[in-house]
Amino acid sequence: MVANSLDGADENSFLIRGSDVESNNGSICTRKTSNIKTHKHSPQVITGTASVSATVTNIAKLCIGTGTLALPYAASIGGYLFYSIGLVLMCLWNLYSVDRMLKCNDMLVQYYAPKHTAAADPRGKSTERKHRRLNSYQKEFQQVDSSRLHGSAFSELLASDVEESNEEFPPPDHLSTLSKVVWFATGNIGVEIFDVIMCCLLVSIGIAYEDAILSFLESTPLTTGSRILDSLWNIAIIASLSCLPNVGFLSKFSAFGLTAIFITFAEITAYGVHEYGTNGFQSIGDEVSMGSLIPSSYSAIASWFGVAAFSFGLTPVVFNIQESMAEPSRMMEATTSGLSIASFVYILVGTGIAILYSPGFPVFEGDALEHLPTDQIQATVVRISMAFMIIVSCPLLVIPCGEILDGKFGVGTENKAMKIMIRVAICLVCVLVSTLVPDFVHVVSFIGGCFIAFISFIVPPLFYILLKRKIRKKATEASLSDSGILSPIEEEKWLLFNFLMVLVGITATGLTVYVTFCSTENR
């Protein structure tokens, strides 16, 4: 999940790149790193060194983070059986979404990477110059199977398409692979809208994290006794870190973040065993009620869905991960293994902690740390450690969000004062909203059911359909339907299934947002 990736990010993480932006045009993932090879027309990664096993580990680390603290709550209200089966299905849904995004990129390679020579083109130097640009763009997509590229027929078709269109080609240089997929599917307006959605996602995750920080600190000696004052002092630290010229050093806390999460659940488990022993597991074995296996209301289903969606969601970073691989063609293999590991951990942690604490808390409300005592030194250390981990992670949300807004407002790299004001304003928005909605697990549920579900479950099949329709339309106009050129795309016979998945995603997201919003408002 993009949020959890902050906890387990390494130095190559797309969110840990500092503010060394030469030209930011307000698009997400526009920054460059110094330790990767890039094409001169694009900041995207062309080559990577990560093995498949390393990628599997990275994917699992990206998923398993602070959001896991809400999993016992999701297991308790969703029912242990529904929760477990639902997570498996959620894992498969995310695998499908990742596959759709990768297929979108494959289609760009096939359609927008023609092999064409000027000598065979009767249209002269103007077209030759265009094809030089197209061939340079082809090189940007060489990380996928080059055998799927086709001959000059598509080149001629595309050249005529470019001549008839007023759209710029290739897309703007600063766009990442994800943004290029958005650009080809929806155009410049689509990129702008997607940037706004990503900005809202980053801010909402910041709100959830601020709620978590305040929840953790209120039972420690670091609290001032006032939620507002606690918000102000920790947000001052976050804002200060966010305004530094380079935050690459924050990646050094990656190992600490994973360690803190492991120690947190070890302490939660130890305290549960000390207080309740194995009574919860024995009661489940002796008497199983339907109320403990399945959700009891639509609100419970919506809350479970939001937390589950929040816990996955690789779509925003799928190309960043793929481009870091030495063998990008094995991305789906690595994703399958990584998400399977995350799903197993989620089922184990969610159901295990919820059942362990069930004798004292039949309904596991709140995040897992809320159930630890406030007078034990080890519990206090765990809370402070988790708060510290989130505080040093939050700038990795604020910075990309600030860079999007910098581009939208036309703020150049030389206008440091305005850049600082924008970042401080983002932090203040997080503080304001977190004081109005002081509930970490319900904010997580809303974010997962709204923004992450939209990006993960609606965007991939929708973009796939849009790109496929564009290619088929041009192929029909050029009478290429029987030429064999579209064979890799025509292998996909599941167009109706993709429409169905878009519909399911819209329905699930809409209902979850509505039910969660109503229940939060009532609460």
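For clarity, every value in this text was computed on a predicted model and none was experimentally measured.
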- Task: Would you check if there is a donor-acceptor pair between the side chains of Y464 and D99 at a distance under 3.5 Å?
- Result: no
- Message: For A212 versus F440, what's the shortest heavy-atom pair and its separation?
- Response: CB-CD1, 3.6 Å
- Message: Can you tell me how the ring of F451 sits relative to the ring of F446, calling it parallel under 30°, perpendicular over 60° and tilted otherwise?
- Response: perpendicular
- Step through the shown structure and confirm whether more than 12 heavy atoms of other residues, nucleotides or ligands are within 6.0 Å of CD1 on I228. no
- Message: Ring centroids only, cut at 6.0 angstrom: are F312 and F457 within range, meaning strictly under it?
- Response: no
- Query: Between L95 and M332, which heavy-atom pair has the shortest distance, and what is it?
  - Reply: O-CE, 3.6 Å
- Task: Taking all heavy atoms of A453 and all of T509, pick out the closest pair and write down the distance.
- Result: CB-OG1, 3.4 Å
- Donor-acceptor pair between S51 and S53 side chains, under 3.5 angstrom: yes
- For the residue pair F361 and H371, does the interplanar ring angle fall in the parallel (under 30°), tilted (30 to 60°) or perpendicular (over 60°) class? perpendicular
- Query: Do F364 and Y357 make the cut of ring centroids closer than 6.0 angstrom?
  - Reply: yes
- Does NZ or CZ of R383 lie under 6.0 Å from the centre of the six-membered ring of F216, at an angle within 45° of the ring axis? no
- Is it true that Y346 and Y83 have ring centroids separated by less than 6.0 Å? no
- Query: Is R100 paired with D106 through a side-chain N to carboxylate O contact shorter than 4.0 Å?
  - Reply: no
- Smallest separation among heavy atoms of C104 and P460, with atom names: SG-O, 4.2 Å
- What pair of heavy atoms forms the shortest contact from C63 to A342, and how long is it? CB-CB, 3.9 Å
